[in-house]
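Notes for the one structure printed next.
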2 protein chains.
Amino acid sequence: MDLGERKKRILHAIINDYIETAEPVGSRTIAKKYLTDISPATIRNEMADLEDLGLLEQPHTSAGRVPSDKGYRYYVDEIMEVKYPTPQEIERIKYMLQITTINEIDKIIKRTTKLLSDVTKYTSAVLTPSMKKSFIKSLQLIKVTDTDVVAVVVTDTGIIKNVVIKTPKKVTDSTILKLNNILNEKLVGLSINDIGLSVISDIQNYMIEYSEIFSAVISVIYESLKEDNGEIYLEGTTNIFDYPEYDDKDRARSFLSLIENKELLAHIFSESSDNLCVSIGCENELDKAKDCSIVKATYNIADKNIGTIGIIGPKRMDYPKVVGVLKSISCILTEIFENNL
Amino acid sequence: MDLGERKKRILHAIINDYIETAEPVGSRTIAKKYLTDISPATIRNEMADLEDLGLLEQPHTSAGRVPSDKGYRYYVDEIMEVKYPTPQEIERIKYMLQITTINEIDKIIKRTTKLLSDVTKYTSAVLTPSMKKSFIKSLQLIKVTDTDVVAVVVTDTGIIKNVVIKTPKKVTDSTILKLNNILNEKLVGLSINDIGLSVISDIQNYMIEYSEIFSAVISVIYESLKEDNGEIYLEGTTNIFDYPEYDDKDRARSFLSLIENKELLAHIFSESSDNLCVSIGCENELDKAKDCSIVKATYNIADKNIGTIGIIGPKRMDYPKVVGVLKSISCILTEIFENNL
DNA sequence: TATTAGCACTCTAGGAGTGCGAGTGCTAAT
DNA sequence: ATTAGCACTCGCACTCCTAGAGTGCTAATA
């Protein structure tokens with residue numbers, strides 16, 4: 001759909017103004033503030049056209065116009081220019097994320113989340129890599145007591161996971177050593193999805209004498225890894241109160257209850273087809289998310305497109321800025337993880 | 001302060017009614033609904049007395065009375081009878097918390113949090129044990145790559161913590177083995193607070209040949225454990241929207257921003273002097289918590305009074321129920337951890 | 001033919017005015 | 001000591017009204 005230059009300019013102006021003021025925009029405002037070369041009357045005619053096309057909406061007769069979901073979509077796809085952070089800002093971001101005495105992925109992720117919400121003033125969410133897409137880099141059993149064993153799994157994506165195992169009978173150091181050797185030999189390099197019955201029964205052949213302990217160990221490890229979908233970190237959840245569209249109690253509640261449900265969020269943020277993805281209002285699958293917008297970008301660990309960072313906010317969102325920030329920060333993250341793993 | 005039987009009954013009735021309805025309570029209501037043997041006029045006189053004593057407040061002339069913080073305090077200390085869950089409910093709670101294939105403390109804690117908010121309809125918070133109060137039960141280094149080592153610390157309180165260490169030069173398996181042996185021998189049984197310069201330099205004598213790697217390892221482990229204050233889990237954060245006192249946007253915001261700050265919450269919940277503690281309104285140190293009430297109880301792991309479960313809600317809280325539930329569940333938790341560690 | 005000025009019309013937000021109901025405190029009677 | 005009665009207070013909800021913002025249409029203009 002090509003609108004023609006003037007309609008684009010008008011739509012652009014309306015969306016800019018609405019994003020800034022949260023008030024329906026009238027023709028006079030546009031003519032005065034943005035397009036002094038066109039008269040209000042002309043703008044009115046164009047606005048009526050844009051409304052017919054479904055890009056604008058009128059809350060009621062005699063109110064100004066408000067962008068529709070479709071209008072925002074057109075704006076994001078065809079009109080807006082992404083506002084990237086300045087080189088200075090980029091440097092500052094890198095500085096804030098990188099300096100850390102203890103180089104844990106978790107820490108960097110948490111800081112990123114905070115940074116995102118600070119910079120954008122919206123709610124930010126970051127999803128850590130899921131076990132499922134990772135390969136096992138190391139698997140070690142640690143004997144804590146005679147019947148308590150902890151399995152420590154380290155992946156190529158830097159996740160470290162502990163699994164507590166209560167063994168059905170006492171284990172000795174030498175049993176642990178033996179199990180360790182065989183588990184390492186057989187499982188290192190595999191992904192969770194690769195571990196199936198065939199692999200397990202294959203290993204079982206090697207350890208008939210420990211079969212009882214082995215079964216306990218492997219099933220617990222397997223279950224525990226399988227159910228790992230990555231973790232969600234959130235920041236700036238109360239930022240929505242700054243936006244008048246959430247003055248309404250029910251809206252605020254529905255937004256916050258969406259955000260409270262970590263499984264739901266993990267789901268929303270995990271299905272990352274594109275490197276950057278903007279979902280506006282009704283484009284969101286979930287009913288609860290139908291009056292907000294979600295922008296998400298992926299970052300890489302171990303060359304895999306594996307984690308997601310994102311922003312949840314009102315549809316009236318500063319898309320150019322949010323998209324710019326997310327793109328930049330996802331690149332920075334990828335870069336940091338490249339150098340640190 | 002002894003009020004006399006009638007005043008107590010009246011205060012009791014007012015608080016009950018106010019907790020139920022959230023509306024200022026008038027003398028007529030009391031006479032009709034609760035104390036049919038006394039006339040409204042008498043109740044009015046008594047109410048005036050109670051107001052003089054600072055136990056009741058009047059939002060404005062010609063409105064009913066509302067309990068003051070002091071009034072709630074008197075109610076909690078002198079009047080209310082704790083409502084414990086029924087034996088059937090206790091059984092159900094035990095059932096819900098205990099059945100778990102993978103016996104991780106984390107899981108039980110998360111379920112407890114959810115359960116608390118489901119049962120009480122308020123916001124619940126659970127604080128996991130802090131490293132600081134725990135003793136090291138096992139400390140193992142795992143070599144992941146030539147320069148990446150993971151230290152796994154297991155405590156008597158069941159916390160498992162991973163510390164990622166980048167060594168300044170390559171380490172061999174035998175170095176790891178040696179370090180492991182010495183660290184275990186020297187540190188197991190100590191608490192984090194016990195680890196000081198003297199202990200560290202003592203160990204250092206044993207490993208002059210590895211001093212470089214050792215320094216890296218010990219400092220990272222020490223820093224990482226030292227900063228661990230336990231983690232906060234929250235559930236039911238949107239429950240406050242059910243309570244009309246939070247219809248007001250600013251109140252809701254201030255409540256939610258209190259809740260958003262995990263460090264603050266951890267602080268509030270960590271200073272547990274008593275086994276059960278009720279803080280009403282102004283009794284809370286933090287300004288942001290001045291218009292809500294916090295009830296918390298401690299649970300034990302390894303015979304140490306170490307974790308906290310709690311409820312945050314409006315001052316108009318169902319104290320008898322909340323106190324009963326918290327007392328019961330903290331006992332159940334202690335019991336579960338006794339049998340499982 | 002595209003643009004614009006003018007104008008009648010529509011609709012909402014917000015303020016003023018009003019009556020009702022709930023509740024109180026005081027006084028006098030029981 | 002308790003209670004009935006009554007005058008008084010105050011907030012809430014309701015209605016009414018106006019001002020203001022914005023539209024769409026029509027006729028004039030470039």
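Every chain is numbered from 1, with letters handed out A, B, ... down the list of sequences. Below, all heavy atoms of this structure are taken into account, side chains as well, without hydrogens, waters or symmetry copies.
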* Determine whether more than 12 heavy atoms belonging to other residues, nucleotides or ligands lie under 6.0 Å from atom CZ of A:R28. => no

* **Residue B:E285 excluded, over 12 heavy atoms near CD under 6.0 Å** => no

* Structure fact -> In Watson-Crick or G-U wobble terms, with both distances under 3.5 Å, the base opposite C:dT30 is D:dA1

* **Counter-base of D:dG20, judged by Watson-Crick or G-U geometry with both distances under 3.5 Å** =>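 Answer to the pairing question: C:dC11, which forms a Watson-Crick or G-U pair with D:dG20.
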
* **Given DNA chain D, 5'-ward residue of the pair B:P59 and B:D37, judged by closest heavy atom** =>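 Here B:D37 is the residue nearer the 5' end.
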
Could you tell me how far apart [X] ([atom1]) and [N] ([atom2]) are, to the nearest whole angstrom?
X: A:I43; N: C:dT3; atom1: CD1; atom2: P; value: 12 Å
X: B:E23; N: C:dG23; atom1: CD; atom2: C1'; value: 13 Å
X: A:E51; N: D:dG22; atom1: CD; atom2: P; value: 15 Å
X: B:D49; N: D:dT2; atom1: CG; atom2: P; value: 11 Å
X: A:I30; N: C:dT4; atom1: CD1; atom2: P; value: 15 Å
X: A:N45; N: C:dA2; atom1: CG; atom2: C1'; value: 10 Å
X: B:I38; N: D:dA4; atom1: CD1; atom2: C1'; value: 16 Å
X: A:E46; N: C:dT3; atom1: CD; atom2: P; value: 7 Å

Side-chain-base donor-acceptor pair under 3.5 Å for [X] and [N]:
X: B:R28; N: C:dG23; value: no
X: A:R44; N: C:dG6; value: yes
X: B:T61; N: D:dT9; value: no

* Asked: Do the rings of A:Y319 and A:Y75 sit parallel, tilted or perpendicular, given the 30° and 60° boundaries?
  ->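 Because their plane-to-plane angle is over 60°, the rings of A:Y319 and A:Y75 count as perpendicular.
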
Ignoring the backbone of [X], work out which of [options] is nearest its side chain.
X: A:H60; options: D:dT3, C:dT12, D:dG11; result: C:dT12
X: A:A41; options: C:dT4, D:dT2, C:dT24; result: C:dT4
X: B:R65; options: C:dT4, C:dG25, D:dT23; result: C:dG25

Does [X] put a side-chain nitrogen or oxygen below 4.0 Å from OP1 or OP2 of [N]?
X: A:S62; N: D:dA21; value: no
X: B:R6; N: D:dA1; value: no
X: A:T42; N: C:dT4; value: yes

* Return the minimal non-hydrogen interatomic distance between A:G281 and A:S293, and the atom names on each side. => N-OG, 3.8 Å

* Have a look at A:N261 and tell me which of A:L264, A:L265, A:L258 forms a side chain to side chain contact (heavy atoms under 4.5 Å, CB included) with it. => A:L264

